[in-house]
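One structure is given below, encoded as structure tokens.
Quick caveat, the model's predicted, so the values are computed rather than measured. Labels below follow one simple rule: chain letters A, B, ... track the order of the sequence lines, proteins then strands, and each chain is numbered from 1.
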There are 2 protein chains.
Amino acid sequence: MQRPTRQRAAIADAFASQGRPLSPQEVLEIAGAALPALGIATVYRNLKLMTEEGLLRVVTLPGGLPLYEPATHDHHHHFQCNSCRRVFDIQACPGDLKGMAPPGFLVEGHEITLYGQCKDCRSGAGPAA
Amino acid sequence: MQRPTRQRAAIADAFASQGRPLSPQEVLEIAGAALPALGIATVYRNLKLMTEEGLLRVVTLPGGLPLYEPATHDHHHHFQCNSCRRVFDIQACPGDLKGMAPPGFLVEGHEITLYGQCKDCRSGAGPAA
DNA sequence: ATTCGTGCAAACCGTTTGCAGTGCT
DNA sequence: AGCACTGCAAACGGTTTGCACGAAT
């Protein structure tokens with residue numbers, strides 16, 4: 001079992017404050033603002049630990065680095081903005097994709113990524129980053 | 001413009017012979033069987049070139065390295081086997097996922113990955129690799 | 001006091017690049 | 001001959017690990 005540390009808390013806070021998947025670098029920057037001595041190795045270690053504990057989940061999108069997100073929400077999907085590259089959660093799910101697989105293949109799960117323009121970019125406001 | 005070389009041919013053949021997305025390493029092994037002196041750098045260079053030319057396409061799946069596949073087929077999706085981890089093409093597409101995005105978001109494209117057991121693994125035959 | 005977590009720096013691994021030699025035109 | 005492509009090896013960037021210090025129990 002692991003101990004509650006300032007670092008772990010800062011990392012958890014980073015996710016809570018952003019509400020979207022984050023890269024290790026982003027976590028370092030955001031959590032590092034609250035805890036300047038925070039090192040990248042600690043971020044990686046905790047991301048991996050928290051993922052194994054089921055607190056986080058890895059989101060790997062095409063052409064991008066792996067992102068991490070809180071595993072609190074249930075089944076959902078992602079939307080990546082073609083302009084600002086940020087990734088957002090989508091709660092909707094079409095369900096029932098079993099029919100898509102070729103005969104002989106057993107479908108156990110699925111993942112959907114939508115691409116397009118996010119609200120900010122579409123309105124010309126630019127990323128709210 | 002690029003010249004036709006033995007290496008390029010061997011790499012193209014690798015994709016043609018497998019009919020599924022391949023990792024750079026797999027390409028090296030398969031094409032390297034026909035052309036032993038083939039180096040990994042050449043594989044990477046050609047994969048990148050062929051991708052820029054539109055001959056190949058990059059497929060990035062969660063938890064995996066980037067894969068490459070021939071860009072000949074039109075819009076399609078992927079199926080990854082939870083047992084052997086191999087990736088297969090799926091021609092089906094549910095289409096019309098625009099309704100899934102939150103208000104204010106513009107959907108321009110989508111990508112779907114199914115997970116489960118492939119034909120080989122399900123039948124107990126094991127990967128035909 | 002003991003044990004686990006952190007920070008730093010070196011190690012790693014997949015990918016890219018520089019350079020000299022080879023093959024294609 | 002001229003130039004692109006290859007192979008090797010060094011360089012790179014993100015991620016992981018070893019080790020000694022600091023924090024939590």
Side-chain angles (χ1 to χ4, degrees), chain A residues 1-15 18 21-69 80 85-87, chain B residues 1-15 18 20-69 71 80 85-87:
Chain A
M1 206 57 219
Q2 45 292 323
R3 297 167 181 177
T5 67
R6 206 155 307 144
Q7 289 81 350
R8 271 177 82 87
I11 291 172
D13 285 350
F15 286 104
Q18 298 297 310
L22 300 175
S23 70
Q25 277 306 325
E26 287 177 307
V27 172
L28 176 64
E29 286 157 23
I30 298 170
L35 206 80
L38 183 63
I40 187 68
T42 299
V43 171
Y44 278 106
R45 269 190 286 241
N46 277 304
L47 289 180
K48 179 180 262 194
L49 270 175
M50 293 162 86
T51 301
E52 284 164 4
E53 290 166 28
L55 299 176
L56 297 180
R57 180 180 300 145
V58 185
V59 182
T60 313
L61 296 185
L65 315 170
L67 304 178
Y68 291 79
E69 69 177 0
Q80 181 168 38
R85 296 280 106 192
R86 287 186 303 173
V87 175
Chain B
M1 205 57 225
Q2 44 290 324
R3 298 166 182 178
T5 67
R6 219 156 296 150
Q7 288 81 350
R8 270 176 84 88
I11 291 173
D13 285 350
F15 285 105
Q18 298 297 310
R20 60 181 177 84
L22 300 175
S23 70
Q25 277 306 324
E26 287 177 306
V27 172
L28 176 63
E29 287 157 22
I30 298 170
L35 207 80
L38 183 63
I40 187 68
T42 299
V43 171
Y44 277 107
R45 269 190 286 241
N46 277 305
L47 290 179
K48 180 180 261 192
L49 271 175
M50 294 163 86
T51 301
E52 284 164 4
E53 290 166 29
L55 299 176
L56 296 180
R57 179 181 299 143
V58 185
V59 182
T60 313
L61 296 185
L65 315 171
L67 305 177
Y68 291 79
E69 69 176 359
Q80 180 167 40
R85 294 281 107 192
R86 287 185 303 172
V87 175

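Relative to the side chain of B:Thr42, the nucleotides D:dC8, D:dT6, C:dT6 differ in distance, and D:dT6 lies closest. In this structure, of D:dT17, C:dG7, C:dT17, it is D:dT17 that holds the atom nearest to the side chain of A:Ala41. In this structure, of C:dG7, D:dT25, D:dG7, it is C:dG7 that holds the atom nearest to the side chain of A:Gln7.
A:Leu49 places its CG atom 13 Å from the C1' atom of D:dT16, with the value rounded to the nearest Å. As rounded to whole Å, 13 Å separates atom C1' of C:dG5 from atom CD of A:Glu53. Following rounding to the nearest Å, B:Leu35 (CG) and D:dC5 (C1') show an atom-to-atom distance of 13 Å. C:dT16 atom C1' lies 16 Å from atom CG of B:Leu28, rounded to whole Å. Regarding B:Lys48, its NZ atom lies at a distance of 16 Å from the C1' atom of D:dC5, rounded to whole Å.
Distance alone, capped at 3.5 Å, places no donor-acceptor pair between the B:Gln80 side chain and the B:Val87 backbone.
Distances shown here put every side-chain N or O of A:Arg6 at or beyond 4.0 Å from the OP1 or OP2 atom of C:dT6. Note on A:Thr5: every side-chain N or O is 4.0 Å or more away from OP1 and OP2 of C:dG5.
Nucleic acid contact for A:Pro36: none, since no nucleic acid atom lies under 4.0 Å from a heavy atom of the residue.
Of the two residues near DNA chain C, B:Ile40 and A:Arg45, the one whose nearest nucleotide lies more 5' is A:Arg45. Remark on DNA chain C: of its neighbouring residues B:Pro24 and A:Asn46, the 5'-side contact belongs to A:Asn46, judged by nearest-heavy-atom nucleotide.
The pair B:Glu26-B:Arg86 fails the salt-bridge criterion, with no side-chain N (NZ, NE, NH1 or NH2) lying under 4.0 Å from an Asp/Glu carboxylate O. Between B:Arg8 and B:Glu53 there is a salt bridge, since at least one side-chain N of the basic residue sits less than 4.0 Å from a carboxylate O of the acidic one.
Residue A:Arg6 qualifies as open at atom CZ: its count of foreign heavy atoms under 6.0 Å is 12 or below.
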